[in-house]
Protein chains: 2
Amino acid sequence: MDFNDTKNIFLQIRDWVADQILQGKIIAGEKIPSVRELAVDMEVNRNTVMRSYALMEEEGIIENKRGIGFFVAADAKVNLLKMQKRSFLKDELPAILHKVEVLKLNSEDLQILIQTIQSNDHENQ
Amino acid sequence: MDFNDTKNIFLQIRDWVADQILQGKIIAGEKIPSVRELAVDMEVNRNTVMRSYALMEEEGIIENKRGIGFFVAADAKVNLLKMQKRSFLKDELPAILHKVEVLKLNSEDLQILIQTIQSNDHENQ
DNA sequence: TTTAGTGTCATAATACACTATGACACTATG
DNA sequence: CATAGTGTCATAGTGTATTATGACACTAAA
């Protein structure tokens, strides 16, 4: 995995797992990669993955069955959606707005973004 | 100043100064706060501010007059606009797009963002 | 029972951001 | 000249992320 220098690795691992769940690539009740396995895959130390998993367990996203491994919590996806949506609108959006204003980005610059938003409008579920 | 735990302080200071320039609060040729002064203002060590200024000097945003202080470079604002716009579209926008898709954010959620973009469309300069 | 796979804990070492502090050269101003 | 304000460098200490490694308890399966 290609990590970003500006963000802690254990947070990026948590973000990656959360993204897998949000995308439905790992579903509720399913086992996630073991600490050792993911550490090897991502070329990272066991302890670093362990820290990510411990954090996610605190957040109620995953659960541990001792001797077996970690599993996606029953309502992980719904909670993740709620948490991340709230966090995005409250913390990230203001910074984005500020940049859009200062850099004077217009519909042409952000064409893809507007299209993506509009395609979300046409979804019924 | 209120710093974000997830990003290095010396980078946040650079971002803050760059933002002041982009907003026109500090213009070309103007002196920026001295290393010691800004360090006291932001309750940070001299060396940390020094690191931010050294970075900005490398980037050609500010220039040093020895014994006097740092000054905004002549074409700092234009270059900052170019650099940050490129960086935003290349690095930040893809991540934003991904979140908008996964969280299924629609025009209602991002109403303010769309308004801001549209108001930039109506600017002629 | 033995084996392999889980998480977990403890320890030590490395790297780096940040702090604290002192000293020095330079410039403007009295 | 002396003084105060600039940046700059060196040194040492602190905190923390990350690595490296070993050991242990638990579980499933041969």
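A, B, ... follow the sequence lines: proteins, then strands. Residue 1 opens every chain.
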>> Judged by each residue's nearest nucleotide on DNA chain D, which is more toward the 5′ side, A/Arg51 or A/Asn45?
In response: A/Arg51
>> Between B/Lys85 and A/Asp109 (salt bridge meaning N to carboxylate O under 4.0 Å), is one present in this structure?
In response: yes
>> I need the residues from residues 65-74 of chain B with at least one non-hydrogen atom less than 4.0 Å from DNA chain C; give them sorted by number, or say none.
In response: B/Arg66, B/Gly67, B/Ile68
>> Is the phosphate of D/dA17 approached by A/Thr48 (side-chain N or O, under 4.0 Å from OP1 or OP2)?
In response: no
> Between A/Ser34 and C/dG5, is there a side-chain N or O to OP1/OP2 distance below 4.0 Å?
Replying inline: no
>> What is the distance, to the nearest angstrom, from the CD atom on A/Glu37 to the C1' atom on C/dG7?
In response: 14 Å
> Taking the side chain as C-beta and beyond, is there a heavy-atom pair between B/Tyr53 and B/Pro33 under 4.5 Å?
Replying inline: yes
> Which stems does DNA chain C form, counting runs of 3 or more consecutive Watson-Crick or G-U wobble pairs with both distances under 3.5 Å?
Replying inline: C:1-30 with D:1-30
>> For a quick check, tell me whether the side chain of A/Arg36 and the base of C/dG5 share a donor-acceptor pair closer than 3.5 Å.
In response: no
> D/dT18 C1' sits how many Å from A/Asn47 CG, rounded?
Replying inline: 9 Å
> What are the residues of residues 2-14 of chain A, sorted by number, that bring a heavy atom to within less than 4.0 Å of DNA chain C?
Replying inline: none
> In a check of side chain to side chain contact (heavy atoms under 4.5 Å, CB included) between A/Lys7 and each of A/Leu11, A/Ile9, A/Asp5, which one passes?
Replying inline: A/Leu11
>> What is the distance, to the nearest angstrom, from the CE atom on A/Met56 to the P atom on C/dG7?
In response: 11 Å
> Nearest heavy-atom pair of A/Ile61 and A/Ala76: which atoms, and what distance?
Replying inline: O-CB, 3.4 Å
> CD1 of B/Ile112: more than 12 outside heavy atoms within 6.0 angstrom?
Replying inline: no
>> Do the side chains of B/Lys25 and B/Asp19 get close enough for a salt bridge, i.e. N-O under 4.0 angstrom?
In response: no
> Could you state the interatomic distance from CD (A/Glu37) to CZ (A/Arg46), rounded to the nearest 0.5 Å?
Replying inline: 14.5 Å
> So do the side chains of B/Phe70 and B/Lys65 get within less than 4.5 Å of each other, counting heavy atoms only?
Replying inline: no
> CG of A/Leu113 to CG of B/Leu89: how many Å apart, nearest 0.5 Å?
Replying inline: 10.5 Å
> Are B/Phe10 and B/Arg14 side-chain neighbours, meaning at least one heavy-atom pair lies under 4.5 Å?
Replying inline: no
> Within this structure, what is the CG-to-P distance between B/Asn64 and C/dA25, rounded to whole angstrom?
Replying inline: 17 Å
>> Ignoring hydrogens and geometry beyond distance, is the side chain of B/Arg46 in donor-acceptor contact with the base of C/dT21 at under 3.5 Å?
In response: yes
> So does B/Lys82 have more than 12 non-hydrogen atoms from other groups sitting under 6.0 Å from NZ?
Replying inline: no
